[in-house]
2 protein chains.
Amino acid sequence: MSKKYRSDAMAAIHEMMEDLHDGGVIDKKTMRRFDQACLTPIRPLKPKEIKAIRERERVSQSVFANYLNVTSSLVSKWERGEKRPSGPSLKLLSLVEKNGLAVVA
Amino acid sequence: MSKKYRSDAMAAIHEMMEDLHDGGVIDKKTMRRFDQACLTPIRPLKPKEIKAIRERERVSQSVFANYLNVTSSLVSKWERGEKRPSGPSLKLLSLVEKNGLAVVA
DNA sequence: TTATATTATAGCACTGAGTGCTATGTTTGG
DNA sequence: CCAAACATAGCACTCAGTGCTATAATATAA
């Protein structure tokens with residue numbers, strides 16, 4: 001319940017911030033700082049963690065790969081530590097970890 | 001209104017499909033096919049389209065880059081056609097195009 | 001059980017996406 | 001006007017991601 005409350009609250013706060021900015025109440029700099037602070041923190045994911053995320057969603061490597069728009073062989077390499085996701089891939093994995101596969105459908 | 005209805009409907013259908021699968025009513029193959037069909041189609045984005053997406057969200061290149069977990073110089077190169085986003089980057093851009101920056105917050 | 005898909009691991013060559021840096025303009029706004 | 005934020009530019013580098021094929025393990029069906 002608290003989780004849902006938090007994300008809803010964040011959405012509401014963000015809308016409010018934008019309105020304040022449009023109305024000239026707060027300046028661009030503050031708005032920008034706020035945006036940066038709102039982003040979900042991204043940490044490097046270990047191979048086991050990636051596999052755990054996928055198995056929690058109950059999908060095969062190839063289906064998982066389709067969701068992220070990468071190849072299934074890459075997912076295999078992530079899970080075995082042969083390659084490490086970086087940049088946009090990490091972002092997608094973090095999103096799935098926090099919000100589930102549905103958010104990237 | 002129809003847009004909201006559709007996404008809600010899809011979520012409901014997906015839940016129903018999972019329940020049917022858990023109950024053994026439909027087999028794995030059908031479930032897998034269903035999942036694949038549900039993904040938002042991804043097409044290559046032209047530089048101008050990427051810039052348009054960002055400007056619609058009213059953010060600078062660096063803020064936009066933070067959302068996608070890439071560098072701001074890469075966003076600049078996308079918008080000028082020096083590099084073309086592929087794989088996971090395209091997925092993120094497509095998500096933002098369809099659902100707005102909030103979904104990748 | 002035997003057959004048959006679907007999974008996952010493995011290896012390899014290749015390309016270009018993405019990083020990190022610095023420098024130079026351009027716009028904004030205080 | 002001045003300073004800060006913004007965008008373009010170039011360059012060197014690394015390794016993520018692709019595409020392919022083959023094999024093995026694991027279901028699913030008959």
Side-chain angles (χ1 to χ4, degrees), chain A residues 20-37 42 44-94 104, chain B residues 20-36 42 44-48 50-94 104:
Chain A
L20 286 174
H21 172 248
D22 290 342
V25 179
I26 61 178
D27 60 10
K28 270 194 171 180
K29 185 186 291 181
T30 305
M31 191 61 200
R32 208 166 37 237
R33 293 260 164 75
F34 173 77
D35 277 333
Q36 312 266 10
I42 295 188
L45 295 172
K46 297 178 179 177
K48 285 199 164 187
E49 295 177 308
I50 298 175
K51 185 169 190 173
I53 294 172
R54 176 178 64 85
E55 287 180 338
R56 178 163 57 79
E57 304 292 334
R58 310 263 228 76
V59 291
S60 69
Q61 288 179 339
S62 75
V63 169
F64 195 64
N66 271 311
Y67 272 88
L68 307 184
N69 198 34
V70 297
T71 62
S72 60
S73 90
L74 182 57
V75 171
S76 170
K77 286 166 187 173
W78 283 346
E79 296 186 357
R80 285 176 292 125
E82 190 179 329
K83 305 254 169 160
R84 280 183 300 179
S86 82
S89 296
L90 254 188
K91 178 71 191 192
L92 281 171
L93 289 168
S94 300
V104 294
Chain B
L20 286 174
H21 171 249
D22 290 342
V25 179
I26 61 177
D27 61 9
K28 272 193 170 181
K29 185 186 290 181
T30 304
M31 190 62 200
R32 209 168 35 238
R33 293 260 162 75
F34 173 76
D35 276 333
Q36 312 265 12
I42 295 189
L45 295 172
K46 296 178 180 177
K48 285 199 163 187
I50 298 175
K51 185 169 191 174
I53 294 173
R54 177 178 64 85
E55 289 181 337
R56 178 162 58 79
E57 303 293 333
R58 310 262 230 75
V59 292
S60 69
Q61 287 178 339
S62 76
V63 169
F64 194 64
N66 271 310
Y67 272 88
L68 307 184
N69 198 34
V70 297
T71 61
S72 59
S73 90
L74 182 57
V75 172
S76 170
K77 286 164 188 173
W78 284 345
E79 296 186 356
R80 283 175 294 124
E82 190 178 328
K83 306 254 170 160
R84 281 183 299 180
S86 81
S89 296
L90 254 188
K91 178 72 191 191
L92 282 172
L93 289 168
S94 299
V104 295

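Every value quoted in this text rests on a predicted model; they were computed, and no experiment measured them. Basis for what follows: all heavy atoms, side chains included, without hydrogens, waters or symmetry-related copies.
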For the pair Asn69(B) (side chain) and Pro88(A) (backbone), establish whether a donor and an acceptor sit closer than 3.5 Å, ignoring hydrogens and angles.
-> no
dG18(C) C1' sits how many Å from Leu92(B) CG, rounded?
-> 14 Å
Give a yes/no answer on whether the side chain of Arg54(B) brings an N or O atom under 4.0 Å of OP1 or OP2 in dA7(D).
-> yes
Looking at residues 71-83 of chain A, who's got a heavy atom less than 4.0 Å off DNA chain C?
-> Ser76(A), Lys77(A), Arg80(A)
Rounded to whole angstroms, how far apart are NZ on Lys51(A) and C1' on dT9(C)?
-> 10 Å
Contacts of Glu55(A) meeting side chain to side chain donor-acceptor pair (under 3.5 Å) (sequence neighbours excluded), chain-then-number -> none
Show the atom names and distances, to 0.1 Å, of all donor-acceptor pairs under 3.5 Å that link a side chain in residues 70-78 of chain B to residues at least two apart or in another chain.
{"residue": "Thr71(B)", "atom": "OG1", "partner": "Leu74(B)", "partner atom": "N", "Å": "3.3"}
{"residue": "Ser76(B)", "atom": "OG", "partner": "Arg80(B)", "partner atom": "NE", "Å": "3.0"}
{"residue": "Ser76(B)", "atom": "OG", "partner": "Arg80(B)", "partner atom": "NH2", "Å": "2.8"}

Are OP1 or OP2 of dG18(C) and a side-chain N or O of Ser89(B) less than 4.0 angstrom apart?
-> yes
Please step through side-chain contact (heavy atoms from CB on, under 4.5 Å) for the pair Leu45(B) and Ile53(B), ending with a clear verdict.
-> CA-CA 10 Å; Leu45(B) 295 172; Ile53(B) 294 173; 4.1 Å; yes
Taking only N and O in the side chain of Arg84(B), is any of them less than 4.0 Å away from OP1 or OP2 of dG17(D)?
-> no
How many angstroms lie between atom CG of Leu92(A) and atom CD1 of Ile42(A), to the nearest 0.5 angstrom?
-> 9.0 Å
Applying side chain to side chain donor-acceptor pair (under 3.5 Å) to Glu79(A) and not counting sequence neighbours gives Arg54(A), Gln61(A)
Inter-end axis angle, the helix from dT9(C)-dA22(D) to dG30(C)-dC1(D), with every axis fitted to five base pairs (rounded, 10 degrees) | 60°
Whole-Å distance separating the CG atom of Asn69(A) from the C1' atom of dT18(D) | 12 Å
What heavy-atom pair brings Leu90(A) and Pro85(A) nearest, and what distance separates the two atoms?
-> CG-O, 3.5 Å
Once you round it to whole Å, what is the distance between C1' of dA27(D) and CD of Gln61(A)?
-> 15 Å
Spacing between Asn66(B) atom CG and dT19(C) atom C1', to the nearest angstrom = 14 Å
